[in-house]
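Below is one structure, written out as structure tokens; the observations come after it.
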Amino acid sequence: MKKYFFAIILFNICAAAFGQELKIGKDPVFKIGEELSYRLKYGFFTGAEATIKVEDGGKKINGHPTFHITANGKTAGTFDIFYKVRNQYETYIDQETLLPYFYTENRHEGSYRHTDNVTFNQTEDKVTADKGVFPFKGDVFDFVSAYYFARNIDVSKVKIGERFDMKYFLEDAVQTLSITYIGKEQVKTNFGTFNCLKFNPTIIPGRIFRKDSKLYLWITDDNNRIPVKAHVELIVGSITMELTGAKGLKYPLNPISK
């Protein structure tokens, strides 16, 4: 496995949502206390688990109340023996604009270690991280804040085949994720069958992904906008993500059948 494997998988799962004009509604689709859990499976084997939860920021930044969002990921089962991963990502975002103020990551992936402390200055268009200052234009996110911002964007006018871009800071650089809207599908999960929006985020080929690897993501077509399933092709085999837990939601889960 490549040292960035877990961060890449989690980022694509969380940020692959909606980017049209990057405008959000007045009220967030999530609330303090929301907690989502996921399982990543390699074939029939559980390879990793991830949990994302929303808390009160506990303090104001620049006079604005904040959400404190934490994402934790770890390998499981046999994978934990051969390639142990213990990653934690935290972000503080504005409760009104949902733009990030401060982000930290602490990653243990096999023998690889990486930490970073990132401050976002959206007014001056710069990101200050442990390794320097990085300029940007427009809104920019860490991968956790990107997910929560994206869940709140109006996609009612999105057309099949339409492509969007979302900027994020990762690995000491401001990068761009391109996302294509595929259409609507029904997806069967452990919580029932949901009407979903299907997206295809771009993937960078490398030691894990083939040149023609595809990543597909299914997000509930309801008020929650929760990713319930993802599937990505690897050089050998594929990985499927599935929702295993959802509590503290602002709106009830709304499957069309159970």
Side-chain angles (χ1 to χ4, degrees), residues 7 10-36 50-72 87-106 115-130 132-156 164-177 179 219-220 223-227 246-251:
L10 277 180
F11 175 79
N12 280 283
I13 288 172
C14 294
F18 327 113
Q20 191 174 38
E21 298 181 1
L22 295 183
K23 293 182 179 180
I24 59 175
K26 293 182 180 180
D27 297 317
V29 300
F30 60 90
K31 66 177 183 178
I32 294 170
E34 180 186 272
E35 184 173 333
L36 303 175
T51 301
I52 311 173
K53 61 182 179 179
V54 182
E55 300 174 315
D56 191 310
K59 61 181 179 180
K60 292 184 177 180
I61 298 179
N62 298 334
H64 298 277
T66 59
F67 293 115
H68 174 212
I69 305 174
T70 304
N72 285 283
N87 289 352
Q88 183 176 66
Y89 312 84
E90 298 183 61
T91 186
Y92 287 84
I93 66 174
D94 191 292
Q95 287 195 13
E96 181 177 350
T97 67
L98 304 185
L99 294 174
Y101 287 116
F102 185 66
Y103 164 79
T104 64
E105 65 176 48
N106 188 350
T115 60
D116 206 355
N117 297 279
V118 182
T119 300
F120 294 86
N121 190 323
Q122 306 284 353
T123 302
E124 298 181 6
D125 292 339
K126 65 180 182 180
V127 174
T128 302
D130 287 351
V133 178
F134 305 84
F136 64 88
K137 292 183 179 180
D139 296 334
V140 69
F141 305 87
D142 56 83
F143 86 87
V144 181
S145 63
Y147 164 44
Y148 282 88
F149 185 95
R151 280 175 60 186
N152 288 270
I153 296 173
D154 180 13
V155 294
S156 59
F164 313 100
D165 293 329
M166 204 165 196
K167 295 179 181 177
Y168 64 97
F169 182 83
L170 186 69
E171 297 299 342
D172 303 318
V174 175
Q175 307 184 54
T176 300
L177 176 71
I179 308 142
I219 296 173
T220 56
N223 290 329
N224 286 307
R225 296 284 170 78
I226 296 174
K247 57 185 180 181
L249 301 178
K250 189 171 185 178
Y251 305 98

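- Proximity of a side-chain donor or acceptor of T66 to a complementary backbone N or O of K59 within less than 3.5 Å is detected.
- The two residues I219 and R225 make their nearest non-hydrogen contact at CG2-C, 3.5 Å.
- Between I52 and A71, the closest heavy-atom pair is CG1-CB, 4.1 Å.
- Between the CZ atom in F30 and the CZ atom in R151 there is a gap of 7.0 Å [rounded to 0.5 Å].
- By the side-chain hydrogen bond (donor to acceptor under 3.5 Å, both in side chains) test, Q122 is found to be paired with no residue, residues two or more places apart in sequence or in another chain being considered.
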Please evaluate residues F141 and T91 with respect to the criterion side chain to side chain contact (heavy atoms under 4.5 Å, CB included), reporting the C-alpha separation (whole Å), side-chain torsions for both, the decisive distance (0.1 Å), and the verdict. CA-CA 10 Å; F141 305 87; T91 186; over 6 Å; no
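- The aromatic ring centres of F67 and Y148 sit 6.0 Å or more apart.
- Residue T176 holds its OG1 atom at 6.0 Å from CG of D165, rounded to the nearest 0.5 Å.
- Between Y92 and H68, the ring planes lie parallel to each other; the angle is under 30°, not in the 30° to 60° tilted range.
- Inter-residue side-chain proximity for L36 and Y147 is flagged as met; some heavy-atom pair is nearer than 4.5 Å.
- In this structure the side chain of V54 never reaches within 4.5 angstrom of the side chain of K31, judged on heavy atoms.
- One distance of note links CG of D27 with CD of E96; it measures 10.5 Å at 0.5 Å rounding.
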Take V29 and K250 through the side chain to side chain contact (heavy atoms under 4.5 Å, CB included) test and state the conclusion after the steps. CA-CA 7 Å; V29 300; K250 189 171 185 178; 5.7 Å; no
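- Of all heavy-atom pairs between V144 and Y89, the closest is CG2-CB, 4.0 Å.
- Every residue meeting the side-chain hydrogen bond (donor to acceptor under 3.5 Å, both in side chains) condition with K126, not counting sequence neighbours, appears here in chain and number order: E124.
- The shortest distance between side-chain heavy atoms of V140 and F134 does not fall below 4.5 Å.
- Interatomic distance, I69 CD1 to E55 CD, rounded to the nearest 0.5 Å: 10.0 Å.
- When all heavy atoms are compared, the tightest approach of A129 to D116 is CB-OD1, 3.7 Å.
- With values rounded to the nearest 0.5 angstrom, N117 atom CG is found 10.0 Å from E90 atom CD.
- Counting only distance, with no hydrogens or angles, the side chain of T220 and the backbone of I226 share a donor-acceptor pair below 3.5 Å.
- In this structure, Q95 and P28 approach most closely via the heavy-atom pair O-CG, 4.1 Å.
- A distance of 10.5 Å separates CZ of F169 from OG1 of T119, quoted to the nearest 0.5 Å.
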Can you list, pair by pair, the side-chain donor-acceptor contacts under 3.5 Å of residues 99-106, counting residues two or more places apart and other chains?
| residue | atom | partner | partner atom | Å |
| --- | --- | --- | --- | --- |
| Y101 | OH | D94 | OD2 | 2.5 |
| Y103 | OH | E105 | OE1 | 2.6 |
| E105 | OE2 | R107 | NH1 | 3.2 |
| E105 | OE2 | H114 | ND1 | 2.7 |

Between N121 and T128, is the side chain to side chain contact (heavy atoms under 4.5 Å, CB included) condition met? List the steps. CA-CA 8 Å; N121 190 323; T128 302; over 6 Å; no
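- Nearest approach of N152 to L98, heavy atoms of both residues: ND2-CD1, 3.4 Å.
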